[in-house]
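Have a look at the structure below before the remarks.
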Amino acid sequence: MTTRLQQRAGSACRAAQAVCFCACFASTQPVWCADPAASQPDAPQTITISGKLKPVLTAIDRKVYNVSGDVQALTGSAADVLNTIPSVEVDADGNVSLRGDDRVTILVDGKPSAQLSGARAGDGLTQFSAADIEKIEVMTNAPAEYGADGTGGVINIVTKKNRKQGASGSLALNAGNQGRSVDTLNGAYNDEKLSVAGGIGLREDERERIIGSKVAAQGPGGTPTALSRNWEDEHARRLIPSLNGALDYRFDEAQAIGFDFKLRQRSGHRAYDAQNAGTLPDGTLASAAYGHSDGHEWSMSGEQRLRYKQNLSSAGETLELSLHRSTDIERERYDYASTSTYPSIAPGGNLLFLNHTYMTNDVSADYRAALGDERIVKLGYSARHDSYGYDNSGSTVDPASGQLLQDPTLVNQFLYLQTIQAVYGSYQQALGQWQALAGLRFEHTDGEGNEYTSATVNRQHYSGLYPSLNVERPLDEHATLSFGYSRRLARPNPDDLDPYIDRHDSQNLQGGNPNLLPQQSQSLEAGYRVEAEKQTWGVSAYLRRFTNSFTDLTTLVNPGVLLTTKANLPSSKAGGFEFNTDGPLARTLSYRLAGNLFYSQVDATALGAPGLASTTGLNLKASLDYRPTAIDTAQLSATRADKRLTAQGYIAAINLLNLGYKRQLSPDLTLVATVSDVFNGQRQVRTVNTTTLTETYERDQAGRIAYIGLVYTFGAQKKSKGAAFEYDQP
């Protein structure tokens, strides 16, 4: 694929009459320097290319964000880095939304990951070390070779690949406040045929959050009937070791094979104190209690992938085969003791065992052919099988004897099996000044949920065609006009289909909906961007329409007790106007600014709402990079996620500020210092307001985290041209 940047680079090369190497993802200010003797045919040619890697690269179907310049990436998690990307918002639990839609497919090196899927995806992102990330690809209208799942779009996390010839590696040691630490050791060896790489990591983390809620039950005419208040202070400490490795071998110019694996374990202790009180409308105390919980959690996630690539007869014709397996296993144990002070009754308690196992296996075959004249054809087939299992049990303290008795209400055995088969085709061609990439994907899904405890079986079968189209046209040397369209779906998370009602929080019950339908969306957007030598800027407008969109539905079970489940909204829509710009403010100071002025409308009349609800808001991302010397870099980044509409209320705005500093002590040694969430802005406030209840839920995440550390690199500096296996890139 030829980008506008490559075309301009080619023009500069020809104008200088020099021999040039024009790389994909060229620098913002490339300089081509040739020895004057290069004009003599027998003279040796010396070519020098210098410049700075662009922080953002735009292809016809995606935006690629280089995170190597982000100081926070050296100490933070994938969730921290994603929260700095335009159009992307990440909450305190690591849950990702793209243009306000939280149904986003997150891939790692082009493949789905068990630890980044389903309801626990956010937890996986907070454990994923950002130091392993090279770049992040954001696709709001993803091409056909990617799965149709994710109405918000697709985010592909591309991990670092060490391509230096010979032996090389790096060691990073970072210490943080409250006993936190992030330590990594990576090494690699490359020659012309063989590439071997591996690494180990250890992250120690401490988290605290305070949760409070106020619930008012209402009778006819909005008359208050009861009021309850709940408060919880939770502390969690986790130790997260990780291991990864990769081996790539090139048999010859036509064949290559690769294998890689990742393992990550998490273990730790989590404890919380809780209080709740209920009052009557006149203020009379109706109930009061407090509780304490101690728990241990353990999880293991892993991925293995085997790849084979064959170059076929003609140039640019390849066949790639892939086998991929991903697992996520979680085991938790909690002791909970509660005491009622009014009315005064014997202390009670529970012992809970929570077990979760998720496995996904997929096989794919992808064919690519470059037909000349900038024409590219891609065809492929994939089959994926998912298995989600929950096996929860518990015991309750008998008030009379004080003994633990098996409690059938705490038993949940649920298994969800899902098979997805897909075929796709895409075609890319230059049509005069236009460049077009069109694709069509067919997917068929078979799903079966079995809730053994209640002997409930639910089956789902559905198929669909999912087209995508991306086109762009250069208007001059720097400006480009683009358009995009796609139809996508979002499959329900297995947790959302489990009919079991989770009662371990006696005031906030959680339950699934086995009749939940897939969410469908259609997206249309248009954009205009300018890529000048020193500054880039762009604007885009988008519109999305949803059917059967997912929403939380909260109902009052009895005074002070809420039940939250999932439901489908018949229709909703969202639109917006995005802008971004970056460039220098002075010789030592540069900036990046991005925003999303959005509009959303929800039709919740089918759920009892009085009519349509709508809102507007502005999400902002801004950063400053200050480089007073050649070895010093200071960064400031700010994020604002504006008020967001829900079917029964809204979620208030969140503001964050991060600081980072890096100093190159020597060519091989770097000093790093970071502070994330300087003003403790990770405060989520959710409001529910219906005819029967009013709830205000507030969660404060103690997010001010500071690190200081050293990064040492060693080994050869020359890039390898050897055996590295690369999956298809734009």
Side-chain angles (χ1 to χ4, degrees), residues 1 24 105 107-114 132 134-135 137 142-147 154 156-165 188-199 243-263 302-327 359-371 376-386 419-428 439 441 443 719-730:
M1 177 182 307
C24 181
T105 295
L107 307 175
V108 178
D109 293 332
K111 289 293 183 180
S113 170
D132 296 331
E134 178 180 337
K135 56 189 176 184
E137 301 176 339
E145 59 260 41
Y146 294 96
V154 175
N156 184 31
I157 297 174
V158 181
T159 58
K160 291 180 178 178
K161 310 292 190 303
N162 194 323
R163 298 294 181 242
K164 295 177 181 178
Q165 186 84 317
Y189 173 80
N190 296 291
D191 62 23
E192 293 302 316
K193 286 185 173 292
L194 179 67
S195 174
V196 181
L243 175 68
N244 67 82
L247 185 150
D248 299 311
Y249 184 75
R250 185 185 300 273
F251 296 100
D252 50 39
E253 292 299 319
Q255 298 181 82
I257 191 169
F259 174 77
D260 61 77
F261 73 91
K262 299 180 180 70
L263 289 174
E303 294 190 44
Q304 305 85 40
R305 179 166 54 173
L306 178 64
R307 299 150 293 155
Y308 173 78
K309 190 172 184 178
Q310 174 74 52
N311 294 330
L312 302 178
S313 56
S314 62
E317 186 181 17
T318 61
L319 176 65
E320 185 173 329
L321 305 176
S322 173
L323 293 173
H324 175 253
R325 177 180 174 84
S326 182
T327 58
M359 295 183 290
T360 179
N361 297 276
D362 66 85
V363 56
S364 63
D366 299 277
Y367 170 80
R368 180 184 189 274
L371 305 180
I376 298 174
V377 171
K378 294 182 181 180
L379 303 171
Y381 167 80
S382 67
R384 171 178 155 188
H385 180 72
D386 301 325
T419 301
I420 304 170
Q421 297 191 71
V423 292
Y424 77 86
S426 71
Y427 180 72
Q428 182 175 345
R441 187 178 184 93
E443 290 192 355
K719 267 197 172 183
S720 168
K721 300 177 183 178
F725 187 105
E726 292 283 5
Y727 68 95
D728 188 32
Q729 290 288 338

So which heavy atom on [X] is nearest to which on [Y], and how close?
{"X": "Y424", "Y": "Y381", "answer": "CE2-N, 4.4 Å"}
{"X": "N190", "Y": "S195", "answer": "OD1-OG, 2.5 Å"}
{"X": "L194", "Y": "D191", "answer": "N-OD1, 2.6 Å"}
{"X": "G302", "Y": "L263", "answer": "CA-CD2, 4.0 Å"}
{"X": "T419", "Y": "H385", "answer": "OG1-ND1, 3.0 Å"}
{"X": "G439", "Y": "A144", "answer": "CA-CB, 3.9 Å"}

Practice item. Please confirm whether the backbone N or O of F251 pairs with a side-chain atom of K193, one donor and one acceptor, at under 3.5 Å? Key: yes
Point to revise | D366 (side chain) donor-acceptor with G380 (main chain) under 3.5 angstrom | key: no
Check your understanding: Can we say E303 and R305 salt-bridge, meaning some charged N sits less than 4.0 Å from an Asp/Glu carboxylate O?
Key -> no
Sequence-distant partners of [X], side chain to side chain contact (heavy atoms under 4.5 Å, CB included), two or more places apart:
{"X": "T159", "result": "V108, D109, F128, K161, K262"}
{"X": "L312", "result": "Q310, E317, L319, Y367"}
{"X": "N311", "result": "A254, T318"}
{"X": "D362", "result": "K111, P112, H324, R384"}

Check your understanding: For T327, what residues pass the side chain to side chain donor-acceptor pair (under 3.5 Å) criterion, not counting sequence neighbours?
Key -> none
Revision key, fill the gap. Q304 meets the side chain to side chain donor-acceptor pair (under 3.5 Å) criterion, sequence neighbours left out, with none
Check your understanding: Would E137 and V154 satisfy side-chain contact (heavy atoms from CB on, under 4.5 Å), going step by step from the backbone distance to the final call?
Key -> CA-CA 8 Å; E137 301 176 339; V154 175; over 6 Å; no
Practice item. Take Y308 and L323 through the side-chain contact (heavy atoms from CB on, under 4.5 Å) test and state the conclusion after the steps. Key: CA-CA 9 Å; Y308 173 78; L323 293 173; over 6 Å; no
Check your understanding: Can you tell me how far CG of L321 sits from OG of S364, rounded to the nearest 0.5 angstrom?
Key -> 7.5 Å
Check your understanding: Checking side-chain contact (heavy atoms from CB on, under 4.5 Å) against S326, which of D386, T360, N361 comes through?
Key -> T360
Practice item. Decide side-chain contact (heavy atoms from CB on, under 4.5 Å) for Y146 and R441; before the verdict, give the C-alpha distance in whole Å, the side-chain angles of both, and the deciding distance to 0.1 Å. Key: CA-CA 9 Å; Y146 294 96; R441 187 178 184 93; 5.9 Å; no
